[in-house]
Amino acid sequence: MIMKQAKDYIIFPLDVSSLKEAKQFVKLLSEHVGMFKVGLELFISSGPEIIRHIKDCGSTRIFLDLKLHDIPETVFRAMESIANLGVAFTTVHCGESKEMLKAAVAGSKGRVKVLGVTVLTSVSSSDIHAAGLRPEFASDMSMLVMQRAAAARDAGCSGVVCSGFEVGMIKEKFGQGFTVVTPGIRSSAGSMKKDDQQRITTPARAIQNGSDYLVIGRPIRDAKNPQEAAVCIAKEIETVL
Ligand code: C5P
C-alpha cells in the first residue's frame, strides 16, 4: 500500500470560469495537491473536456462536485452519466429524501464514490432557523449533520462532506472506512479571511479530527504564489500526521 503523503489530503477546487485558467492551475498544482475538484462553474463552462485534460496530465484523482439535488429518476440518470466519466468522487445533497440518495448510489453502479453533502459550511445557525428546520438543529448544527450523515450511510453512500467540527463524531459513529471530506479550511499560517464560509477549521485541526481530505480553494487560488501556499499547507498537515 502506498503511504498517503501530506499533499494527498489536499483537494484543490478548480473554481475558475474557463478551461484555459483551469489548465493553468492543473499544470501549476499537479505535483502539490492530491486531487482536483471540478465544480458547477467549470463543468458548466467546459463540460467533460476538463476531466479528460486532468487525466491526460497524469494520475491525479478527480472529484466531480455537482451536488445533485433533484427527483430520484433525474438523479439516477445524471449519476449514470457521471459514472461514465471515470472520476473518483461525486456528490449529492443529503437534505431532501432517502429516495434521492438511494437513486444516486444506484446510478453510480459502484463506478464512482458518492458523497452526501450534509450541511454546507457556508450555512449558519440563523440560516437553519430561517429555513424552518427544528430549533435544536439551529442551536446545535452537528445534530443536523449527524442526521444527514446517517441518511447518507443508510443509502449506501461512501461518505460525506461536512465541516471540521463534526468529523470526529462521524468517524466514531460510522467507522474509519466512511470517507469524510472537509471544506471550510483556513490555514493558521495563511490569511484567515473567511469569505462566505461560516464553520471554518485549520488544516491541522481537521486532520486531527479525522478528515480524509480537505477542500482548500481560495487560500491557494488567491495566494500570490499558489504553489507556495499549497506547499505551506502540506507542511502544516505534515505536523499532525
Ligand atoms: O476554500 P474555499 O472556501 O475557497 O472553498 C470553496 C470550495 O469548497 C468550493 O469549490 C465549494 O464548492 C466547496 N465547498 C464544498 N462543500 C461545502 C462548502 C464548500 O464542497 N460545504
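Whatever order the structure lists them in is the order used to number ligands and atoms, beginning at 1.
Residue R218 approaches ligand 1 through these ligand atoms, each under 4.0 Å from one of its heavy atoms: 1 (O), 2 (P), 3 (O), 4 (O). Atoms of ligand 1 found under 4.0 Å from any heavy atom of R186, numbered from 1 in the order shown, are 1 (O), 2 (P), 3 (O). Atoms of ligand 1 lying under 4.0 Å from at least one heavy atom of P183, given by number and element, are 14 (N), 15 (C), 16 (N), 17 (C), 18 (C), 19 (C), 21 (N).
No more than 12 heavy atoms of other residues, nucleotides or ligands lie within 6.0 Å of NZ in K113, so this atom counts as exposed by the packing criterion.
Across T182 and S211, no two heavy atoms sit closer than the pair OG1-OG, 2.5 Å.
At least one heavy atom of K67 sits less than 4.0 Å from an atom of ligand 1.
Backbone and side-chain nitrogen or oxygen atoms of G217 are examined, and one is located within less than 3.5 angstrom of a nitrogen or oxygen of ligand 1.
Proximity of D15 to ligand 1, defined as any heavy-atom pair under 4.0 Å, is confined to the side chain (atoms from C-beta onward). Using a 4.0 Å cut-off between heavy atoms, D65 contacts ligand 1 through its side chain alone, with no backbone atom that close. With a heavy-atom cut-off of 4.0 Å, P219 touches ligand 1 through its side chain alone.
The aromatic rings of F89 and Y213 lie perpendicular to each other, with more than 60° between the two planes, well past the 30° mark.
Linking ILVMFWY side-chain heavy atoms closer than 4.5 Å, directly or via other members, places M100 and F76 in two distinct hydrophobic clusters. The cluster map of Ile, Leu, Val, Met, Phe, Trp and Tyr, joined by side-chain heavy atoms under 4.5 Å apart, puts V117 and L115 in the same cluster.
Between the side chain of T90 and the main chain of L64, a donor-acceptor pair closer than 3.5 Å is present.
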